[in-house]
Visitor: 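Take a look at this one; I'll ask things after.
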Amino acid sequence: MRGSFWRETVIVFRRQLRMALRNPAWVIIGLVQPILYLVLFGPLLEPIAAQLGAQNAYTLFVPGLLVQLGLFGALFAGFGLIAEWRAGVIEAERVTPASRTALLLGRILRDVLQLFVQGIVLIGLAFLFGLTGSILGMVFGLILTVLLGAACAAASNALALTTKSEDVMAPVINSIALPVLLLSGILLPMTMGPQWLQTVSDFMPTKYIVNAIRELFLGNFFTLTTMWGVIWTIVLFALGLYVGTRTFRKENA
């Protein structure tokens with residue numbers, strides 16, 4: 001039974017990967033935005049890096065870009081599922097004995113692989129701009145980013161199956177993504193903001209993930225900040241998989 005589940009997952013993953021390779025526009029678009037931030041916004045931080053509490057501006061900035069890549073790239077993953085539903089693919093999958101969880105996991109693995117490759121490219125380019133830090137910490141930071149992306153991809157697929165409309169899904173995602181971007185300290189640390197804004201941001205789980213990845217880039221593995229970031233990543237990952245799997249099972253029953 002378990003072997004059948006993983007075989008079905010791989011089949012779905014391979015199909016999704018072939019589709020992505022035939023039309024890599026989403027992969028390229030998802031990577032272009034963080035690179036533009038790296039090229040155009042990063043140099044502005046270098047003169048004030050010391051004021052932000054960082055010796056290297058890119059060690060502070062790149063972790064935020066990684067989380068941004070994980071969030072925005074994965075949150076829009078569900079648009080492809082809507083196209084598949086409209087083409088009758090989801091209806092066809094309903095009549096197969098394939099595990100409903102495998103149908104979701106295969107799609108998430110495609111998004112995870114895409115995010116992993118994009119993250120490596122982003123970090124590699126950041127080294128050209130002067131990024132320094134712990135290589136092992138960057139690896140762990142990328143792992144946290146991938147887990148966060150998997151959670152967002154699962155939630156996005158669940159939202160896609162629920163709304164079945166790009167016109168509904170797009171404003172919902174944008175209304176979620178903008179506050180997350182502004183309140184997570186992705187571009188600048190929240191310590192630069194007024195106290196009331198810092199208090200509001202304390203209720204944003206992604207803030208702790210961004211801070212944890214920054215600590216990891218510095219080589220600080222065993223700090224309270226890192227611990228809270230890891231905990232929130234695991235919580236969001238588990239929650240995303242639960243919601244996504246539950247929705248898939250319900251819609252494909």
Visitor: If you count every heavy atom of other residues, nucleotides or ligands that lies below 6.0 Å from Phe129 atom CZ, does the total exceed 12?
Guide: yes

Visitor: Atom CD1 of Ile209 and atom CG of Leu216: how far apart are they, to the nearest 0.5 Å?
Guide: 11.5 Å

Visitor: May I have the step-by-step check of side-chain contact (heavy atoms from CB on, under 4.5 Å) for Leu181 and Phe72, ending in yes or no?
Guide: CA-CA 9 Å; Leu181 175 66; Phe72 286 83; 4.1 Å; yes

Visitor: Hey, what do you get for CG (Leu81) to CG (Leu161), rounding to the nearest 0.5 Å?
Guide: 4.5 Å

Visitor: Quick one: pull up CZ in Phe13 and CG in Asp111 and give me the separation to the nearest 0.5 Å.
Guide: 10.0 Å

Visitor: May I ask whether Val200 and Phe203 are part of the same hydrophobic cluster, defined by side-chain heavy atoms of I, L, V, M, F, W, Y residues being less than 4.5 angstrom apart, directly or through others?
Guide: no

Visitor: Holding to side-chain hydrogen bond (donor to acceptor under 3.5 Å, both in side chains), I want the full list of residues that pass it with Thr9, two or more places apart in sequence or in another chain.
Guide: none

Visitor: Quick one: side-chain hydrogen bond (donor to acceptor under 3.5 Å, both in side chains) partners of Arg14, sequence neighbours excluded?
Guide: none

Visitor: Once you round to the nearest 0.5 Å, how far does CG of Leu122 lie from CG of Leu131?
Guide: 9.0 Å

Visitor: What salt bridge (charged side-chain N to carboxylate O under 4.0 Å, His left out) pairs are there with at least one residue in residues 204-231, not counting sequence neighbours?
Guide: Asp202-Lys207

Visitor: Would you please name every residue forming a side-chain hydrogen bond (donor to acceptor under 3.5 Å, both in side chains) with Thr206, sequence neighbours left out?
Guide: Ser184

Visitor: Any idea which heavy atoms bring Thr59 and Thr132 closest together, and the distance?
Guide: OG1-O, 2.6 Å

Visitor: Who else is in the cluster with Leu182 when I, L, V, M, F, W and Y are joined by side-chain contacts under 4.5 Å?
Guide: Leu178

Visitor: Using residues 133-152 as the side-chain source, report each donor-acceptor pair under 3.5 Å to any protein atom, sequence neighbours left out, with the distance given to one decimal.
Guide:
residue	atom	partner	partner atom	Å
Ser134	OG	Gly137	N	3.0
Thr145	OG1	Gly141	O	2.9

Visitor: Going by the salt bridge (charged side-chain N to carboxylate O under 4.0 Å, His left out) test, which pairs reach into residues 116-136, not counting sequence neighbours?
Guide: none

Visitor: Can you name the nearest heavy-atom pair linking Thr225 to Asn211, along with the distance?
Guide: CG2-CB, 3.6 Å

Visitor: Okay, side chain of Thr226, backbone of Asn220: is any donor-acceptor separation there less than 3.5 Å?
Guide: yes

Visitor: Would you find a donor on one side and an acceptor on the other, under 3.5 Å apart, between the side chain of Ser156 and the backbone of Ala153?
Guide: no

Visitor: Considering all heavy atoms of both residues, which atom of Ala212 and which atom of Gly229 are nearest to each other, and what is their separation?
Guide: CB-CA, 3.5 Å

Visitor: For a quick test of reading the model, state the closest non-hydrogen atom pair linking Met169 to Ile82 and the distance between them.
Guide: SD-CD1, 3.7 Å

Visitor: Is Ile176 close to Val172 at the side-chain level, that is, under 4.5 Å between some pair of heavy atoms?
Guide: yes

Visitor: Once rounded to the nearest 0.5 Å, what's the spacing between atom CD1 of Ile108 and atom CG of Asn157?
Guide: 6.5 Å

Visitor: Looking at side-chain heavy atoms only, is the closest gap between Phe5 and Leu105 below 4.5 Å?
Guide: yes

Visitor: Quick one: are Leu60 and Phe217 in side-chain contact, heavy atoms under 4.5 Å?
Guide: no

Visitor: Run the side-chain contact (heavy atoms from CB on, under 4.5 Å) test on Asn174 and Phe76 for me, step by step, so that the C-alpha distance in whole Å, both residues' side-chain angles and the decisive distance to 0.1 Å come before the verdict.
Guide: CA-CA 10 Å; Asn174 286 328; Phe76 286 92; 3.9 Å; yes

Visitor: At their closest point, which heavy atom of Gly119 faces which heavy atom of Leu66, and how far apart are they?
Guide: CA-CD2, 3.8 Å

Visitor: Mind checking whether Ile123 and Tyr58 have side chains closer than 4.5 Å, heavy atoms only?
Guide: no

Visitor: Same cluster for Leu218 and Val210 if Ile/Leu/Val/Met/Phe/Trp/Tyr side chains link at under 4.5 Å?
Guide: no

Visitor: Show the nearest heavy-atom pair for residues Asp167 and Pro171, with the distance to one decimal.
Guide: O-CD, 3.0 Å

Visitor: In terms of hydrophobic clustering (I, L, V, M, F, W, Y; side-chain heavy atoms under 4.5 Å; direct or indirect links), are Leu113 and Val10 co-clustered?
Guide: no

Visitor: Run the ring-ring contact (aromatic ring centres under 6.0 Å, His included) test against Phe61 and tell me which residues pass, sequence neighbours left out.
Guide: Phe41

Visitor: Kindly work out whether a path of hydrophobic side-chain contacts (I/L/V/M/F/W/Y, heavy atoms less than 4.5 Å apart) joins Met19 to Trp85.
Guide: no

Visitor: For Phe127, check ring-ring contact (aromatic ring centres under 6.0 Å, His included) against everything at least two apart and list the hits.
Guide: none

Visitor: Which pairs, with at least one residue in residues 68-88 and sequence neighbours excluded, count as a salt bridge (charged side-chain N to carboxylate O under 4.0 Å, His left out)?
Guide: Arg15-Glu84, Glu84-Arg107, Arg86-Glu166

Visitor: By side chain to side chain contact (heavy atoms under 4.5 Å, CB included), which residues pair with Ile11, not counting sequence neighbours?
Guide: Arg7

Visitor: Name every donor-acceptor pair, under 3.5 Å, that has one atom in a side chain of residues 236-245 and the other anywhere in the protein, sequence neighbours excluded.
Guide:
residue	atom	partner	partner atom	Å
Thr245	OG1	Leu241	O	2.7

